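In what follows, chains carry the letters A, B, and so on, assigned in the order in which the sequence lines appear, proteins first and then strands, with residues in each chain numbered from 1. Both backbone and side-chain heavy atoms feed into the values below; hydrogens, waters and symmetry mates do not. In this text the structure is predicted, and so the values were computed from the model without any measurement.
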There are 2 protein chains.
Amino acid sequence: MHSDVVASRSAEHRDSREPRSGGPQLDSVSLAIIEQLQEDGRRPYAAIGKAVGLSEAAVRQRVQKLLDQGVMQIVAVTDPLTVGFRRQAMVGVHVEGDVESVADALTAMSECEYVVMTAGSFDLMVEIVCEDDDHLLEVINRRIRALPGVRSTESFVYLKLKKQTYMWGTR
Amino acid sequence: MHSDVVASRSAEHRDSREPRSGGPQLDSVSLAIIEQLQEDGRRPYAAIGKAVGLSEAAVRQRVQKLLDQGVMQIVAVTDPLTVGFRRQAMVGVHVEGDVESVADALTAMSECEYVVMTAGSFDLMVEIVCEDDDHLLEVINRRIRALPGVRSTESFVYLKLKKQTYMWGTR
DNA sequence: CTGAAGCCTGCGGATTTCGCAGAAGTGGGG
DNA sequence: CCCCACTTCTGCGAAATCCGCAGGCTTCAG
């Protein structure tokens, strides 16, 4: 019974990967629980309960619900460079026509780790994670620029990742 | 079996919070462990061990080391909009002089969630997470632009976050 | 009033985590 | 070649944690 994650997947077909914008309102207790797990994703439920004033079982139920609803995920995050992805880039995209459909196409590409619709001189910004220069070139020039609706792109190749945190709410 | 542990010689202890670029080489077993934890950050060590062919204690030691070295962190990640941060933006920064010192100053700001040095028309790209428009304005116009070395900035306010994954290596 | 739904608590058993001691492999000096 | 220092893996109890379940409390609608 290790993978209790499987259970939640079948219940609702909503893809938990896809962040929605107007999610359910969270009360201050759930917020406090999230803060605890942002500090340490493996913190025991009992310790969290002590911090937020709830029983261990209550914390467990709330965490499970937050995971099922896709409000948060508990995962390992790494510096991609240390795990073998040597080229990363932020790509700004100019779109003509339907921005959302282009965004969906980019979302479907596994090399696109981060896709966001923006206001400003770009319509979309996309973070790309690749293994090497050839891979990066292929993704940007052959795949992204080939998408219908993409007028032009501008690339910003990563030289050095300086900061990467997940501490919203703990300040 | 687990023969090729060519990795991790000199145990140079660096600042664990600051992601470095050329971190220690990871062998395939550590990579497999990370993949497991990218799927579920709370997966038990025994289950991971079964998946990668190691004992529970060995997995535990390796995970602890990866955390200590700052190669990965296990955290809860959320869609900021659902936890009360209503304004986000990517900011491109043009720098004159020492880019690294500007990057350090940005890294020190709690509203900057992501800081990366880039090649391209921007020297730095920064992701900002704020509570509202006033807060965003204050950060960009009063704090970032006031930094010595910052020549100009260009902002891309987030309209909709379409994708946010942490599944490098699992594709 | 009554039933359903949502959330919390307490509790016991199964599971996991934790610390430690020992074995096994590696890489120099002497 | 032997020995030592260092690293990493394994095995194993003891302690802590996780998990499912039954029950209590409150809210809300009929």
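- Qualifying salt bridge (charged side-chain N to carboxylate O under 4.0 Å, His left out) partners for B:Asp98, counting only residues two or more places apart in sequence or in other chains: none.
- Identified under the salt bridge (charged side-chain N to carboxylate O under 4.0 Å, His left out) test for residues 46-57 of chain A, with sequence neighbours left out: A:Glu56-A:Arg60.
- Listed by chain and number, the residues in a side-chain hydrogen bond (donor to acceptor under 3.5 Å, both in side chains) with B:Thr153 are B:Arg145 (sequence neighbours excluded).
- Across its full length, the helix from C:dC1-D:dG30 to C:dG30-D:dC1 shows an angle of 20° between the axes of its 5 terminal pairs at either end, rounded to 10 degrees.
- For B:Arg86, there are no salt bridge (charged side-chain N to carboxylate O under 4.0 Å, His left out) partners two or more places apart in sequence or in a different chain.
- Considering only residues two or more places apart in sequence or on other chains, A:Leu54 meets the side chain to side chain contact (heavy atoms under 4.5 Å, CB included) condition with A:Val29, A:Val52, A:Ala58, A:Val59, A:Arg62.
- Considering only residues two or more places apart in sequence or on other chains, B:Glu96 meets the side chain to side chain contact (heavy atoms under 4.5 Å, CB included) condition with B:Arg151.
- In this structure, the side-chain hydrogen bond (donor to acceptor under 3.5 Å, both in side chains) partners of A:Tyr158, at least two apart in sequence or on a different chain, are A:Glu127.
- Applying the side chain to side chain contact (heavy atoms under 4.5 Å, CB included) test to A:Ser121 and every residue at least two apart in sequence or in another chain returns B:Glu154, B:Phe156.
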Give every pair of a protein N or O atom and an N or O atom of nucleotides 22-24 of chain D that lie under 3.5 Å apart, one pair per line with the distance.
none

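- For the contact set between residues 41-57 of chain A and DNA chain C, defined by any heavy atom under 4.0 Å, the members are A:Arg42, A:Leu54, A:Ser55, A:Ala57.
- B:Leu137 meets the side chain to side chain contact (heavy atoms under 4.5 Å, CB included) test with B:Asn141; sequence neighbours excluded.
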